[in-house]
Amino acid sequence: METLSSRVFPHCTYKKGEEAVFSDLRLLGFAKPVSLYLSAETTGDDRSAKNAAAFFDQVRDWDKLCRKIFLSFHPGSEEYALLEGYFKFFREEFPKDLGDASRADLVKRLRLKGMAAHEQGDNQRFVVDFTLGYFQILCAQFDHAHKFTGLSWDN
């Protein structure tokens with residue numbers, strides 16, 4: 001067994017070359033637990049596993065940065081349309097809870113749900129998942145160098 005070289009998640013162990021899922025991880029300052037995912041490709045390469053640990057160790061920074069990124073999207077951009085579509089869906093589904101909430105309020109209400117590392121080397125990518133507490137997640141995507149590359153909406 002290998003141990004993820006993480007300061008924030010020091011007790012996460014995995015088998016090299018196998019995917020690893022860690023759920024219900026409690027972090028000080030987060031109301032709900034978070035989950036981590038490492039693909040088999042990531043765990044199969046020591047350098048990629050270390051890069052994933054470094055990404056995961058910045059969990060608090062990613063939580064804040066992603067919110068800033070979400071608020072920085074300009075009308076007319078693909079990311080803005082996707083974010084607004086996500087919020088519109090939940091405003092319609094849960095009008096009593098979210099109907100009058102502004103975009104800034106909804107971004108503030110997002111809860112960090114999990115983080116993931118996929119692939120290895122220059123193909124490695126990372127995802128930070130958020131939820132409004134319902135069944136769909138908003139995913140901020142980053143490349144191997146931890147630069148934002150896009151947004152997606154998954155269930």
Side-chain angles (χ1 to χ4, degrees), residues 1-74 77-90 103-104 106-155:
M1 293 294 271
E2 304 287 325
T3 301
L4 187 64
S5 60
S6 170
R7 294 180 325 274
V8 176
F9 304 101
H11 304 293
C12 295
T13 59
Y14 59 90
K15 288 185 181 178
K16 194 168 186 166
E18 293 184 17
E19 74 175 17
V21 178
F22 308 99
S23 54
D24 297 327
L25 300 171
R26 302 263 177 204
L27 288 173
L28 188 63
F30 289 83
K32 302 276 186 171
V34 298
S35 298
L36 299 180
Y37 171 83
L38 294 136
S39 71
E41 295 84 7
T42 297
T43 65
D45 177 64
D46 291 340
R47 186 181 216 177
S48 297
K50 286 180 182 173
N51 195 24
F55 187 88
F56 295 158
D57 278 349
Q58 301 302 315
V59 61
R60 287 173 177 79
D61 295 332
W62 293 122
D63 184 47
K64 291 175 189 169
L65 179 63
C66 287
R67 293 167 197 283
K68 287 181 184 177
I69 289 171
F70 298 158
L71 291 172
S72 75
F73 296 148
H74 297 288
S77 72
E78 187 177 319
E79 289 91 358
Y80 182 89
L82 193 140
L83 183 66
E84 287 301 307
Y86 180 84
F87 290 151
K88 180 181 179 199
F89 174 81
F90 284 108
R103 181 171 144 219
L106 291 173
V107 166
K108 191 182 286 185
R109 287 187 192 190
L110 286 169
R111 175 177 62 82
L112 183 106
K113 181 158 180 69
M115 301 173 75
H118 301 274
E119 304 298 329
Q120 59 182 254
D122 288 346
N123 294 323
Q124 192 171 31
R125 57 193 166 78
F126 301 95
V127 179
V128 181
D129 297 331
F130 291 87
T131 180
L132 283 171
Y134 306 106
F135 50 90
Q136 307 262 336
I137 57 174
L138 196 59
C139 309
Q141 302 163 356
F142 298 86
D143 68 11
H144 70 282
H146 305 179
K147 299 213 185 310
F148 178 75
T149 59
L151 189 67
S152 66
W153 173 3
D154 296 321
N155 55 9

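Side chains included, hydrogens not; waters and symmetry mates left out as well; all remaining heavy atoms used.
Taking the six-membered ring where the residue is Trp, His118 and Tyr37 present tilted rings, their angle falling between 30° and 60°. Between Tyr86 and Phe90, the ring planes lie perpendicular to each other; the angle is over 60°, past the 30° to 60° tilted range. Between Phe70 and Phe130, the ring-plane angle classifies as perpendicular under the 30° and 60° cut-offs. In this pair, Trp62 and Phe142 present their aromatic rings tilted. The plane angle is within the 30 to 60° band.
For Tyr80 against His74, the heavy-atom pair with the smallest separation is CB-O, 3.1 Å. Counting all heavy atoms, side chain and backbone alike, Asp143 lies closest to Phe126 at O-CD1, 3.4 Å. Across all their heavy atoms, Ser152 and Leu82 have their closest contact at C-CD2, 4.0 Å. Thr3 approaches Pro10 most closely through the heavy-atom pair CG2-O, 3.4 Å. For the residue pair Ala49 and Tyr14, the shortest heavy atom distance occurs at CB-OH, 3.4 Å. Taking both residues in full, the closest heavy atoms of Leu38 and Ala52 are given as CD2-CB, 3.6 Å, listed atom of the first, atom of the second, then distance.
Considering CD of Glu19 and OG1 of Thr42, their distance stands at 10.5 Å, rounded to 0.5 Å. A distance of 14.0 Å separates NZ in Lys88 from CG in Leu83, rounded to the nearest 0.5 Å. Rounding to the nearest 0.5 angstrom, the gap separating the CG atom in Asp129 from the CG atom in Asp154 is 7.5 Å. Taking OG1 from Thr149 and CD from Gln141, the interatomic distance works out to 5.0 Å, rounded to the nearest 0.5 Å. Distance check: Gln120 CD to Asn51 CG gives 11.5 Å after rounding to the nearest 0.5 Å. Taking OG1 of Thr131 as the reference point, atom NZ of Lys113 lies at 6.0 Å (rounded to 0.5 Å).
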Side chain to side chain contact (heavy atoms under 4.5 Å, CB included) evaluation trace for Leu138 with Cys66: CA-CA 11 Å; Leu138 196 59; Cys66 287; over 6 Å; no

Worked check of side chain to side chain contact (heavy atoms under 4.5 Å, CB included) between His11 and Leu25: CA-CA 10 Å; His11 304 293; Leu25 300 171; over 6 Å; no

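Under the side chain to side chain contact (heavy atoms under 4.5 Å, CB included) criterion, Ser6 pairs with Leu4, Val8, Phe9, Ala53, Asp57, sequence neighbours left out. Partners of Lys16 under the salt bridge (Lys or Arg N to Asp or Glu O under 4.0 Å) rule, at least two apart in sequence or in another chain, are Asp46. Here Arg67 pairs with Asp63 under the salt bridge (Lys or Arg N to Asp or Glu O under 4.0 Å) rule; sequence neighbours left out.
Looking at Phe55 and Val128, their side chains come closer than 4.5 Å, going by heavy atoms from C-beta outward. Annotation: side chain of Leu110 is in contact with side chain of Phe87 (closest heavy-atom distance under 4.5 Å). Proximity of Met1 to Lys15: side-chain heavy atoms (C-beta onward) are separated by under 4.5 Å at one or more points.
A donor atom on one side chain and an acceptor atom on the other are not found under 3.5 Å apart for Ser48 and Glu41.
With hydrogens and angles ignored, the 3.5 Å screen pairs a side-chain donor or acceptor of Arg103 with a backbone N or O of Leu71. A donor-acceptor contact shorter than 3.5 Å links the side chain of Thr43 to the backbone of Gly17. With hydrogens and angles disregarded, no donor-acceptor distance shorter than 3.5 Å links the side chain of Ser35 to the backbone of Gly114. Side-chain N or O atoms of His144 include none that pairs as donor or acceptor with a backbone N or O of Gln124 at under 3.5 Å.
Heavy-atom contacts from other residues, nucleotides or ligands closer than 6.0 Å to CZ of Arg111 number more than 12.
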